[in-house]
Structures are given as C-alpha cells and as structure tokens.
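Throughout, numbering of the chain's residues begins at 1 and tracks the sequence. All values below come from the heavy atoms of this structure, side chains included, with hydrogens, waters and symmetry mates left out.
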Amino acid sequence: QEYLALKLKVKEWAPEAEKLIKGNVPDDANIYFVPATMRPETMYGQTCCFVGPKIVYGVYQVSDRDYFIITERAARNMAYQGVFAENGKFPKVMDLPGSSVIGTLVNAPLSAHKDGVRILPMETVLATKGTGVVTSVPSDSPDDYATVMDLSKKAEYYGIKKEWAGLEIIPIIKTPSYGDLAAPFIVKKLKINSPRDVKLLAEAKELVYKEGYYQGVIMVGDFKGEKVEDAKPKVRKQLIDNGEAFAYSEPEKSVISRSG
Ligand code: ZZB
C-alpha cells in the first residue's frame, strides 16, 4: 500500500494536549499530525482531521525541530523509509491519548479552509492502518461525511463545538453520476444514517471511489478541469515538492499474519 503522508501543522493546542506537551517538546518545535491518504487530489476539500479517541499516539522526533504525531506502528515503518534522522530509529518523546488532542487546530495543506481545521474524534479509525490519523474530506469520502454529520448532531455528547464539525463542504470533484458532492449524494441514496453502518459505507466508498477516479474532473486548484486520473499524480508531486507531504508505504498485512 503506497500512501501519501500529509503534514498538518499544529497552530493551537486543545487545552488537555497543551498541558501534556508543555515541558516535553520545545516551545519552538513544529509538531504535525500526519494522516495517510490514498486520495491526494481531494486535499482541497479537507474540513477536519480524525483521530481515534481511544488510540494512544506517540510524539516522535523526526529532525531537529520537527515532530510527528502517529501510531507507534507507523513510526516503526517510517523509520525504515528514510523519514527519521537515523535509519531504524524512531525516537518517541511522549505518549498522547487521542482523546486529549480533540479540538486542536491544524493547518491542512491545500484545504480551502485557510484558517485551519480541527482534530475531531472518529470511532472507526483503525490503529492498524496507515498512521492512525485520517484527514477528512466529506465531499468525497462517505465515511467522512457520515462522521461529520454524526459529530454535528451529537456535538455535546462528543464534547466538541458543533462548528468544528460544520465547516463548509466544498465541491471539488465533478462526476457524471453523483454530481459534485459525490459522498453526500451516495450516503443519502443508500440511506446511511450512522458512521457505524460499516457494511453500507464500504459499498458507498467503492462506488464513490470508482466514479471519482475514472469519471471525475477536478474543479479547483492548479489542475482545475483535468481528469482525476491525470491530476492525482500531479497534486501528489506538488505536495511532496513543497515539503508538505511524503511517500509512506505499508508492508502487506497478509504476509505478516501468515508468517506469524
Ligand atoms: C482522504 C480521502 C478522501 C480518503 C476521499 C478517501 C476518500 P483504502 O483504499 O481502503 O486503503 N484511512 C487511512 N487510514 C485509515 C485508518 N487508520 N482508519 C480508517 N480509515 C483510514 O482506504 C484508504 C483511505 O482510508 C484513505 O484515503 C483514508 O481516507 C482512509 F475522498 O484520505 B482517504 C471514496 C474514498 N474517498
């Protein structure tokens, strides 16, 4: 699995995380949440970034001043992909519970929301996939759309401000069958009411992914008017060249479980 790992720089900490971080990480450090994505061309549509509230993340020092917030599993993989200063080493500064970072404001590269987006909870984030951090594009990801709807409806229950989950969902990809907000269209069409409708959401994801990839046209940014298929590698390269992202690949799970 070849992902793009995106660097979302912390602008303002949630109070609980701030208390934990203080004294453990230098004040002038750059700290990033690092979601892994398969869809770089959708980064224009980021409206928030998800962590698993029950997942414990690590803060890892990748260079003099730069730190990443990811799962230990991802840090170990990255240590063999030239991400850290020394091959095979992934120095952890501290643990950070997912629940403590909810509400943190981060800068999301390419997002139309230039003031930043919030870190929000998603119960279905897998600790065993990617970096355990998932950037949210509700216009084109059914899981993300179902989750932000649920978060808005039950903001108090989740301990968040409703407006954090309610950032405008901007059309970024036009498709012939599902219009220019494919994920909301499909979620409504399949009558998905909850982010826990995992079976229907898997079906929705498949449909939206195929339609977007093969029929979609980009509506915003430097590659506006191009087919998704063509724009995808260009957006990826642009993010990498700008130092806002890097390639991250994951060993095949099946191989590990078979040998183990
Ligand atoms: C942004 C995005 C925009 C994504 C979209 C999808 C879509 P795959 O293909 O099954 O491997 N993801 C990444 N890590 C995790 C995790 N730990 N737990 C749960 N979800 C995770 O799926 C890759 C996608 O799964 C990634 O790409 C990420 O969401 C999510 F418009 O990033 B994506 C139709 C899908 N659209």
Side-chain angles (χ1 to χ4, degrees), residues 1-14 16-40 43 46 49-52 54-101 104-110 116 119 125-135 233 235-260:
Q1 287 275 62
E2 168 96 337
Y3 290 101
L4 188 70
L6 196 70
K7 292 159 67 178
L8 276 60
K9 190 175 171 188
V10 172
K11 294 173 66 141
E12 186 193 304
W13 285 107
E16 202 182 328
E18 182 154 40
K19 265 184 242 152
L20 296 170
I21 294 271
K22 198 132 192 97
N24 286 312
V25 183
D27 287 341
D28 63 351
N30 303 310
I31 311 180
Y32 302 90
F33 283 82
V34 184
T37 180
M38 287 297 205
R39 304 287 312 275
M43 295 299 101
Q46 294 173 87
C49 175
F50 297 126
V51 296
K54 297 192 186 87
I55 296 175
V56 177
Y57 296 86
V59 181
Y60 296 89
Q61 184 169 17
V62 290
S63 68
D64 257 6
R65 285 183 61 194
D66 291 357
Y67 295 77
F68 286 176
I69 299 174
I70 48 180
T71 56
E72 173 151 339
R73 188 187 144 278
R76 181 177 295 110
N77 286 334
M78 284 181 191
Y80 296 97
Q81 296 174 32
V83 174
F84 287 88
E86 212 183 320
N87 193 51
K89 299 260 165 71
F90 46 106
K92 182 163 78 174
V93 181
M94 61 182 295
D95 285 327
L96 206 50
S99 57
S100 73
V101 301
T104 297
L105 186 68
V106 296
N107 173 60
L110 292 185
I119 303 292
V125 168
L126 301 167
T128 51
K129 174 173 170 168
T131 57
V133 180
V134 183
T135 198
V235 178
R236 180 184 169 94
K237 181 171 185 302
Q238 193 178 61
L239 284 164
I240 292 175
D241 291 349
N242 288 343
E244 294 174 317
F246 57 95
Y248 168 60
S249 52
E250 203 143 76
E252 291 287 335
K253 265 190 221 104
S254 53
V255 176
I256 297 167
S257 57
R258 252 181 261 145
S259 65

**Q** Okay, side chain of R73, backbone of G130: is any donor-acceptor separation there less than 3.5 Å?
**A** yes
**Q** As an exercise, state the distance from CG of D241 to CZ of R236, rounded to the nearest 0.5 Å.
**A** 11.5 Å
**Q** First locate atom OG1 of T104, then atom CD1 of I31, and finally report the distance between them rounded to the nearest 0.5 Å.
**A** 10.0 Å
**Q** Parallel under 30°, tilted from 30 to 60°, perpendicular over 60°: which one fits the rings of Y60 and F90?
**A** tilted
**Q** Tell me the closest heavy-atom pair linking V133 and I69, and the distance in Å.
**A** CG2-O, 3.8 Å
**Q** Quick one: which of F246, Y57, F33 gives a ring pair (Phe, Tyr, Trp, His ring centres under 6.0 Å) with F68?
**A** F246
**Q** So, taking the atom named CH2 in W13 and the one named CG in L105, what distance separates them when rounded to the nearest 0.5 Å?
**A** 11.5 Å
**Q** Identify the two heavy atoms, one from K7 and one from Y32, that lie closest to each other, and give their separation to 0.1 Å.
**A** CB-CD2, 3.6 Å
**Q** Does K237, at its NZ atom, have more than 12 non-hydrogen atoms belonging to other residues, nucleotides or ligands within less than 6.0 Å?
**A** no
**Q** May I ask you to say whether K22 pairs ionically with E18, meaning some side-chain N is under 4.0 Å from a carboxylate O?
**A** no
**Q** Do M78 and V62 touch side chain to side chain, with heavy atoms closer than 4.5 Å?
**A** no
**Q** Please check if atom CG in N87 has more than 12 non-hydrogen atoms from other residues, nucleotides or ligands closer than 6.0 Å.
**A** yes
**Q** Which pair of non-hydrogen atoms, one from T131 and one from P35, has the smallest distance, and what is that distance?
**A** OG1-CA, 3.6 Å
**Q** Rounded to the nearest 0.5 Å, how far does CD of E2 lie from CD of E250?
**A** 11.0 Å
**Q** Report the residue from L4, V83, N77, I70 that forms a side-chain contact (heavy atoms from CB on, under 4.5 Å) with Y248.
**A** N77
**Q** Using every non-hydrogen atom in the two residues, find where Y67 and A29 come nearest and quote the distance to one decimal.
**A** CE1-CB, 3.5 Å
**Q** Measure the spacing between OG of S99 and CD of E16 and express it to the nearest 0.5 Å.
**A** 5.5 Å
**Q** Would you give the length of the straight line joining atom CG of L110 to atom CG of N242, rounded to the nearest 0.5 angstrom?
**A** 8.0 Å
**Q** Just wondering, are more than 12 heavy atoms of other shown residues or ligands nearer than 6.0 Å to NZ in K92?
**A** yes
**Q** Looking at F84, is K89 sitting on its ring face, NZ or CZ under 6.0 Å from the six-membered ring centre and within 45 degrees of the normal?
**A** no
**Q** Report yes if the side chains of C49 and V134 come closer than 4.5 Å at any heavy-atom pair, otherwise no.
**A** no
**Q** Say whether, by atom type as modelled, one donor and one acceptor occur between the side chain of Q81 and the main chain of S249 under 3.5 angstrom.
**A** yes
**Q** Q46 side chain to P109 main-chain N or O, any donor-acceptor pair under 3.5 Å?
**A** yes
**Q** Check whether any side-chain heavy atom of L20 lies under 4.5 Å from a side-chain heavy atom of P97, and answer yes or no.
**A** yes
**Q** If you apply the rule side-chain contact (heavy atoms from CB on, under 4.5 Å), what do you find for T135 with L8, and how did you get there?
**A** CA-CA 9 Å; T135 198; L8 276 60; 4.1 Å; yes
**Q** How close do M43 and L239 get, counting heavy atoms only, and between which atoms?
**A** CG-CD1, 4.2 Å
**Q** Please find the pair of heavy atoms, one from A247 and one from I240, that lie closest to each other, and give the distance.
**A** N-CD1, 4.4 Å
